[in-house]
Amino acid sequence: MSTAKTYPLGESQRKTCELFKLLAGHEVYGLSPTEIAAGLGVNAPWVTRNLHALATTGFVELVPVATTRWRLGTAFVQIAATVTNTLMASKTDLADQMHNFAVRR
């Protein structure tokens with residue numbers, strides 16, 4: 001039996017995480033506040049309040065050509081790019097180590 005302590009997310013934190021997942025894949029055209037509210041099962045004021053607050057952090061942004069649609073912001077994308085680059089570098093390092101340990105005949 002696991003003895004690890006769990007820390008459940010509050011409802012607002014959980015919905016914010018769901019928002020990020022919902023916006024993923026909509027980087028070009030984004031989603032409207034109505035689509036976001038429906039996708040998350042929340043009311044319009046929640047969407048408006050949270051999108052504008054998150055925009056100040058760079059985690060979401062308005063789509064430039066459609067100023068009422070939202071997408072993941074550059075801060076979020078930069079984190080994803082950093083993770084991808086780190087994993088690719090680790091993969092390359094591991095491949096080099098495997099090559100160095102390969103049995104030579």
Side-chain angles (χ1 to χ4, degrees):
M1 176 179 249
S2 175
T3 59
K5 187 171 181 176
T6 60
Y7 299 93
L9 289 176
E11 183 65 14
S12 184
Q13 292 168 315
R14 189 176 63 73
K15 286 293 181 186
T16 300
C17 291
E18 289 177 14
L19 169 65
F20 294 142
K21 290 180 190 177
L22 181 66
L23 290 175
H26 297 279
E27 290 76 21
V28 177
Y29 301 110
L31 293 174
S32 71
T34 303
E35 293 168 323
I36 294 168
L40 296 177
V42 298
N43 58 32
W46 185 96
V47 172
T48 300
R49 181 176 58 253
N50 284 282
L51 287 174
H52 288 281
L54 289 168
T56 65
T57 67
F59 282 96
V60 299
E61 64 186 19
L62 284 165
V63 176
V65 295
T67 60
T68 61
R69 298 180 72 81
W70 293 83
R71 65 183 179 189
L72 293 174
T74 55
F76 202 99
V77 176
Q78 288 169 342
I79 291 169
T82 299
V83 170
T84 299
N85 291 338
T86 301
L87 291 174
M88 293 304 293
S90 295
K91 182 180 177 182
T92 301
D93 290 345
L94 183 57
D96 290 345
Q97 290 178 33
M98 289 174 66
H99 176 74
N100 289 339
F101 285 105
V103 177
R104 298 177 194 243
R105 295 178 183 202

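Keep in mind that the numbers below use all heavy atoms, side chains included, and drop hydrogens, waters and symmetry copies.
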>> Can you tell me how far apart OG1 (Thr82) and CG (Leu87) are? Round to the nearest 0.5 Å.
In response: 11.0 Å
> Looking only at atom types and distance, does a side-chain atom of Thr48 sit under 3.5 Å from a main-chain N or O of Pro45, one as donor and one as acceptor?
Replying inline: no
>> Show the nearest heavy-atom pair for residues Gly30 and Arg69, with the distance to one decimal.
In response: O-NH2, 2.9 Å
>> What I'd like to find out is whether the side chain of Leu72 reaches to under 4.5 Å of the side chain of Phe20, using heavy atoms alone.
In response: yes
> Using 30° and 60° as the class limits, which term best fits the ring planes of Trp70 and His52: parallel, tilted or perpendicular?
Replying inline: perpendicular
> Which pair of heavy atoms, one from Trp46 and one from Leu40, lies closest together, and at what distance?
Replying inline: CZ3-CD1, 3.7 Å
>> Any side-chain to backbone donor/acceptor pair from Gln78 onto Phe76? Under 3.5 Å, distance only.
In response: no
>> To check you understand the geometry: which heavy-atom pair defines the closest contact between Val28 and Arg71, and what is its length?
In response: O-NH1, 4.2 Å
> If you measure from the Lys or Arg side-chain nitrogens to the Asp or Glu carboxylate oxygens, is any gap between Glu18 and Lys15 under 4.0 Å?
Replying inline: yes
>> Can you tell me how far apart CD1 (Ile79) and OG1 (Thr74) are? Round to the nearest 0.5 Å.
In response: 10.0 Å
>> Would Ile36 and Leu23 count as a side-chain contact (heavy atoms from CB on, under 4.5 Å) here? Give the steps.
In response: CA-CA 8 Å; Ile36 294 168; Leu23 290 175; 4.1 Å; yes
> So which of Leu19, Val47, Asn50 actually passes side chain to side chain contact (heavy atoms under 4.5 Å, CB included) with Val42?
Replying inline: Val47
